[in-house]
There are 2 protein chains.
Amino acid sequence: MTKSNISIKELASILGFSITTVSRVLNGKAEQYRIKKETESKIQETAKRLNYTPNQFARSLKLDKSETIGVIVPDISNPFFAEIFKNIERGLKQHGYAVFVGDSNDNTELEIDLIKHFVARKVDGLVIAPVGISSTHLSQVFKTGIPLVSIDRSFKNVDFPAVTSNNFDSAKEATIELLKNGHRNIALIQGLNQSQPNTDRVNGFIQAMKEWDIHPDKYSIVGEGFSIENGFYQTDRLLNSANPPTAIFALSNLIALGALKAISQNGQTIPNDISLLTFDEQAYSAFLNTPMTTIEQNKVEMGNMAVKLLIDQICGRKPKIGSIVQIHSKMHLRESIKKIN
Amino acid sequence: MTKSNISIKELASILGFSITTVSRVLNGKAEQYRIKKETESKIQETAKRLNYTPNQFARSLKLDKSETIGVIVPDISNPFFAEIFKNIERGLKQHGYAVFVGDSNDNTELEIDLIKHFVARKVDGLVIAPVGISSTHLSQVFKTGIPLVSIDRSFKNVDFPAVTSNNFDSAKEATIELLKNGHRNIALIQGLNQSQPNTDRVNGFIQAMKEWDIHPDKYSIVGEGFSIENGFYQTDRLLNSANPPTAIFALSNLIALGALKAISQNGQTIPNDISLLTFDEQAYSAFLNTPMTTIEQNKVEMGNMAVKLLIDQICGRKPKIGSIVQIHSKMHLRESIKKIN
DNA sequence: TGAATATGCACAAACGTTTGTGCAAATATA
DNA sequence: TATATTTGCACAAACGTTTGTGCATATTCA
């Protein structure tokens, strides 16, 4: 382990060279500054032997960069974000960055706070899975020149890049799966209204219904958040309504968990009494009471792409304005959809 | 958002005071250095108005502390660690720390690498959920004076504090639950052999069996890792053995998921064909095909305690040597245990 | 009124780097 | 041999803070 924290000054005096020369060698600029091969290797070797590591603060202070990235997610205990984060962290580590993480707890104020905190610590870039539907605070920080990529959600008329799933297409495809199984009275339980992934998913759903000539009176779109609570509450209402749906389409894993709770509390079973389909594959999806049909977002690809988009910016490759990368999702057909009629 | 990044020098020259005075006021040392109230408020006000934030690097360089903590977990996408982490992050944020996170991916080499990385960045402390069974690298870094707390796992003969669950007691209690339901031929699928939580849980299990006078020939202890794969493989073997158990006790949520997979692939159901009991409560535990009886570790308390133990060290309160704090777990009795005979 | 003390602030060094520039010594060129 | 060029390295400033110390001026005390 790094013990004594020797400074470049001591190292230089031990070697008998100037601080300048040592610094240059250690930063790979030996050739550029015409330093003798022999000198170079001597410095390299003693530096390693004495376990020299440069003081990051001094470096950062001088170079005005921290080799640090800030990542902000709404809820790190949500496996969806945790897995994306895992891939982001891995990618950034490979590029030599250390990563700060902040949990905004689904709260825009906290998100803004965290951004300020990270900016104050001069992160070289930010990856944010934004909470709300507003993007002004993101645009602001991006305009100050800090590389930024938004993940999971994108925004219109905005300069920074984003990586999302192909929400429209996969929601449409999933809806068609329900339609093919004979469902018409379908309830969609949505997440945060007006957020981009929600809007895209809802639109994909509507488009599918339109293409199958299902009149909007036939189906319903309810809910207002990606949470368990929303899933529970809305499902409970739907089941006890005058005209309960034959299938529920949940727009997140948490909504689905809430739905499961409500369905079981109402003494119903899947898929006999009601069919269920949800966004977000999880390790447990196949093992639920009735294995769940899910839409799996490619979290590995999303993480990798976020890293790429960020590094591109840091290296000076400006993002194309409004560039949104869509990662393809994949359906897992299981037994939670009943074939009717 | 922090725009112009004004320095203390500029701030001072705008105010007409010296850098010294400005610094002292902004660090709350106005009184100590007898600075006029009027001067103080004038400085405070303009600092706020101009949105001054001190350069962290310069501060850290001068003060030789980073106001940063490094947290290392084996797998952030495992909800168990993610939730603990969430609480740690929240606590540290409240104390003004930014937190680096590293995912060691269940790999000791990577864990050591991350530690070095964080040490090089002069974190003020480390919270580590250690991977392996060795603690020498932890002791080493602790001896260099870096505050450290181990979480989820503890070690013997070691100077740094740890927070774990009351693994022995809760494993014993859970085992007794199985015994009370008439099970005798019980298989324990363990996690990482020789790791402390595993050992404690296994010992709790054995102790229960002993108190109920069950001969070791009657039950079996198998497995060698907290992973899904281990859970799957061992369960599959057990189910197809000459004398399959009537109940399986899984020592982690991942082992349980693997067990679920094997049980379903073997065409068996819980609890009719086999009973299952597992460590780690998850949001989905109640919604599995047969709601699962689980032992819930108190992740909130574990996180909070880790923060407390770390801050204590940072503030100079030396930990009592070998201090291990055990957080109490709680059983959730559900339907995955069949009453036999 | 003169000395002692209190008040209010500034000088300058130090933290550990990076880097533009300058200057000898060594070598090449004419 | 004298000059030009190349080679090899060092000086010193700068990054933005914190802090020990010192020094005027103002106030109190005898």
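Residue numbers begin at 1 in each chain, while the letters A, B, ... track the order of the sequences.
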Do B:S23 and D:dT19 have a side chain to base donor-acceptor pair shorter than 3.5 Å?
no

Quick one: does A:T20 reach the base of D:dC11 with a side-chain donor-acceptor pair under 3.5 Å?
yes

In whole Å, I'd like the distance from the OH atom of A:Y52 to the C1' atom of C:dT18.
10 Å

Counting only N and O atoms by type, is there a donor-acceptor contact under 3.5 Å from the side chain of A:N105 to the main-chain atoms of A:N107?
no

Taking atom P of C:dT17 as reference, at what distance in whole Å does atom NZ of B:K62 sit?
15 Å

How is A:S60 classified with respect to the nucleic acid when contacts are heavy atoms under 4.0 Å: base, sugar-phosphate, or nothing?
nothing

Nucleic acid contacts of residues 24-34 of chain A, taken as heavy-atom distances under 4.0 Å to DNA chain C:
A:R24, A:N27, A:K29, A:Y33

Salt bridge flag under 4.0 Å for residues A:K65 and A:D124
no

A:I19 or B:T39, whichever maps to the more 5' nucleotide of DNA chain C:
B:T39

Both A:F57 and B:T21 contact DNA chain C. Which one's nearest nucleotide lies toward the 5' end?
B:T21

Can you measure B:I35 atom CD1 to C:dG8 atom P for me and round it to whole angstrom units?
10 Å

Ignoring hydrogens and angles, tell me if any N or O in the side chain of A:S60 forms a donor-acceptor pair with the backbone of A:Q56 under 3.5 Å.
yes

Of all the heavy-atom pairs spanning A:K299 and A:F80, show the shortest one and how long it is.
CE-CD1, 3.7 Å

Between the side chain of A:S104 and the main-chain N/O of A:V73, is any donor-acceptor distance below 3.5 Å?
yes

Between B:N55 and A:S18, who's closer to the 5' end of DNA chain D by nearest nucleotide?
A:S18

Without decimals, in angstroms, what is the distance between B:E38 CD and D:dA26 P?
15 Å

With sugar-phosphate meaning primed atoms plus P, OP1 and OP2, does B:L61 contact a base, only sugar-phosphate, or nothing at under 4.0 Å between heavy atoms?
base

Okay, side chain of A:Q196, backbone of A:S154: is any donor-acceptor separation there less than 3.5 Å?
yes

Please pick, from C:dA14, D:dT19, C:dT17, the nucleotide with the shortest atom-to-atom distance to any side-chain atom of A:R59.
C:dT17

Distance check needed: D:dC11 P versus A:F17 CZ, whole Å only.
13 Å

In whole angstroms, how far is the P atom of C:dA10 from the CG atom of B:L15?
10 Å

For A:K36, which contact category applies under a 4.0 Å heavy-atom criterion: base, sugar-phosphate, or nothing?
sugar-phosphate

What integer distance in Å separates A:K9:NZ from C:dA13:C1'?
11 Å

Going by the angle between their ring planes, with limits at 30° and 60°, are A:F118 and A:F100 parallel, tilted or perpendicular?
parallel

Rounded distance in Å - CG (B:D64) to P (C:dG16)
8 Å

